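This report concerns only the one structure given below.
Fair warning: this is a prediction, and the values are worked out from it, not measured in the lab. Letters A, B, ... mirror the listed sequences (proteins, then strands); counts begin at 1.
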Amino acid sequence: VLNPDQVALLGRGCALIIGVAGPDGAPHAARGWGTIVHSASEGRVRLVVDAADRDRLAAAPRGLVAVTATDVRNLRSVQLKGRITAIGPAGPADLERFRTYLDEFAVDVYESDGTERALFERFVPFAFAACEIAVDEVFDQTPGPSAGAALRSRTG
Amino acid sequence: MSAPADAGRDVDAPATLADLARCFEGAVPAVIATAAADGTPNVTYLSKVRMVDEERIALSNQFFSKTARNLAENPRASVLVIDPATYDEYRLTLVYERTERRGVVFERLRQDIDALAALEGMEGVFKLRAADIYRVVDVERTVLRPATIEPRGAGRRTDETELVPRLAELGVRIGRCPDLDGLVDTATRGLCEVLGYDHAVLLLLDERGERLYTIASHGYEAEGVGSEVTLGEGVIGTAAARCAPARIGNLRQMRKYSQTVRRSYEDEGVGPGREIPLPGLGDANSLLVAPAMALGQLVGALLVEHPDPVAFGPSDEAVLSVVATLVANAVELDRARAREDVTPAPPTAGPDTTPDGDATLVRFFPADGSTFVDGDYLIKGVAGRILWSLLRHHADEGRIEFTNREVRLDPTLELPEFRDNFESRLILLKRRLDERDAPVRIEKTGRGRFRLDVRRPLRLEAVAPT
């Protein structure tokens, strides 16, 4: 499901944004704080999230979730759509991934935009959860006329 | 150690849309999540979010078609916005109300998008399709970490209560200028000295209404007199063509966004046009352009820049617009006075004070008025033709004293009969000669009169077209 470029993107300090719907259909936007690709071929990805978003993510109908990953240096972006198959407290590996993610993200943001780490750390969560995602589809989300074009799906 | 950025602010108070005004400056991309009727979510970034009123915001819609389809099925959205000065983040819960394709809100968003497009020469390609209007039903601050550094842009802002008196002072200074040369200098220097805009450029519209040329600047290593911007191209040209201000913050990020969109269009085989380099600061991170208008006509434009990503706000836009209007009206008054000037001045030859020494070669290309001094480009167009005319008179008749009135009648200048802008071009030439430390200068000797100061022997060469 995920090609090497997409795995590389998810493995570094990319900007991560999350969308889910509630049981009533109301959308909810949130941020992600690091990913671990367990299996590119099977599209299994672990996502570190704000613990405050845990209930929202757990309540998503059929676990449906969208995650857009953006390389902040050039804004190349992909949107993963799939299902949350499990969610729970962040473990040591998740927290370690968060720390390396934040370091990489801080360097990329500072080098490309000049934004100091201390500024965007204002919205870094206090506590974390982590969810397992089964990716079904991948879309190009790079800003421009091709944004939203399907790149890969589990069936094709 | 500096005071916390949150000092004096009740961070626990519920935020209103008005409290979030800076979030809508577009300096940090917003995030929007929507969901289809079956619960399938979509999440992406937004180019622009604008506040419509105390309860509503407008989102730019260029190409987020999946978002549009979701809204048709499920008219709700969740948006994350960030204050670019403090990086406070807010989550807005929205209910979609309507889509506008004209009107005040649409035009304002269109100006934003056009300015973004102009950064990479995508005018006419990267366009606003619609402005989607949403009612904000909830505002939530996402994380409450205390600030550890000063907000960005905190050091530049002038106390709002001082703006009007300062503006009045600059207005007085402009009003006291006796001529165009003093006016352009006073305006650009005054923007720095009185209003705190350290880097400013004043451009005037050319005779054909096709290009803007720099007549004066302040705060740059090179004054850049004579540099040009095509009307309708780039941020300056687009703002001037629309006769509407343009304000862009976090320019590095916006330029990156614009470059990405441009690449995306190129991948699709669409040629977005040539790249227009912005004149001025190499590290500018905020810019503000105000058109200078008088009697309903575009006269020029004022540009200010700053390295800080959050340097300019709505009050800066208002202030610069007022200054631009003052300058435009003064320029037009000067032009009207010049047209009515009936100073009789049969010029006389002055004493030839040209010093001895090696001659400096002045090459002139009649085709476009380009003029080179010892191989270095000096000026072109009307200003180049004026210089050539003066130098010919000096070489043939030994003249150094001139009047505007007689020079403007020279048919070789190819001036249009209406709005010839002669005085502006003469000032441009004067300033360009000074800037380049040229061996010939122009000195004003009275109203409508000037003297040619030839400091080295000159060898004139007109290059005929082949």
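Side-chain contact between B/Val79 and B/Val31 is absent, with no heavy atoms from C-beta onward closer than 4.5 Å. Under the 4.5 Å side-chain criterion, counting only non-hydrogen atoms from C-beta, A/Arg83 is in contact with A/Asp136. Considering only heavy atoms from C-beta on, A/Arg44 stays 4.5 Å or farther from A/Ile133 through its side chain. A 4.5 Å side-chain heavy-atom check between A/Val49 and A/Arg54 finds every atom pair outside the cut-off.
Residue pairs meeting the salt bridge (Lys or Arg N to Asp or Glu O under 4.0 Å) criterion with at least one member in residues 32-50 of chain B, sequence neighbours excluded, are B/Arg50-B/Asp112.
Nearest approach of B/His306 to B/Asp308, heavy atoms of both residues: ND1-N, 2.9 Å.
Contact residues of residues 57-72 of chain A toward chain B are A/Arg62, A/Leu64, A/Val65, A/Ala66, A/Val67, A/Thr68, A/Thr70, A/Val72 (heavy-atom distance under 4.5 Å). Annotation: residues 24-36 of chain A contacts chain B through A/Asp24, A/Gly25, A/Ala26, A/Pro27, A/His28, A/Ala29, A/Ala30, A/Arg31 [non-hydrogen atoms, separation under 4.5 Å]. Below 4.5 Å, heavy atoms of chain B meet heavy atoms from A/Tyr110, A/Glu111, all part of residues 93-111 of chain A.
Interface residue B/Asn74: only side-chain heavy atoms are found under 4.5 Å from chain A. Heavy atoms of B/Leu92 lying under 4.5 Å from chain A are absent altogether.
Close placement of the B/Tyr134 and B/Tyr96 rings is indicated, their centers lying within 6.0 Å of each other.
Side-chain N/O atoms of A/Glu132 and A/Thr85 include no donor and acceptor closer than 3.5 Å. Between the side chains of A/Arg76 and A/Asn74, no donor N or O sits under 3.5 Å from an acceptor N or O. No side-chain donor-acceptor contact under 3.5 Å links B/Asn42 and B/Thr34.
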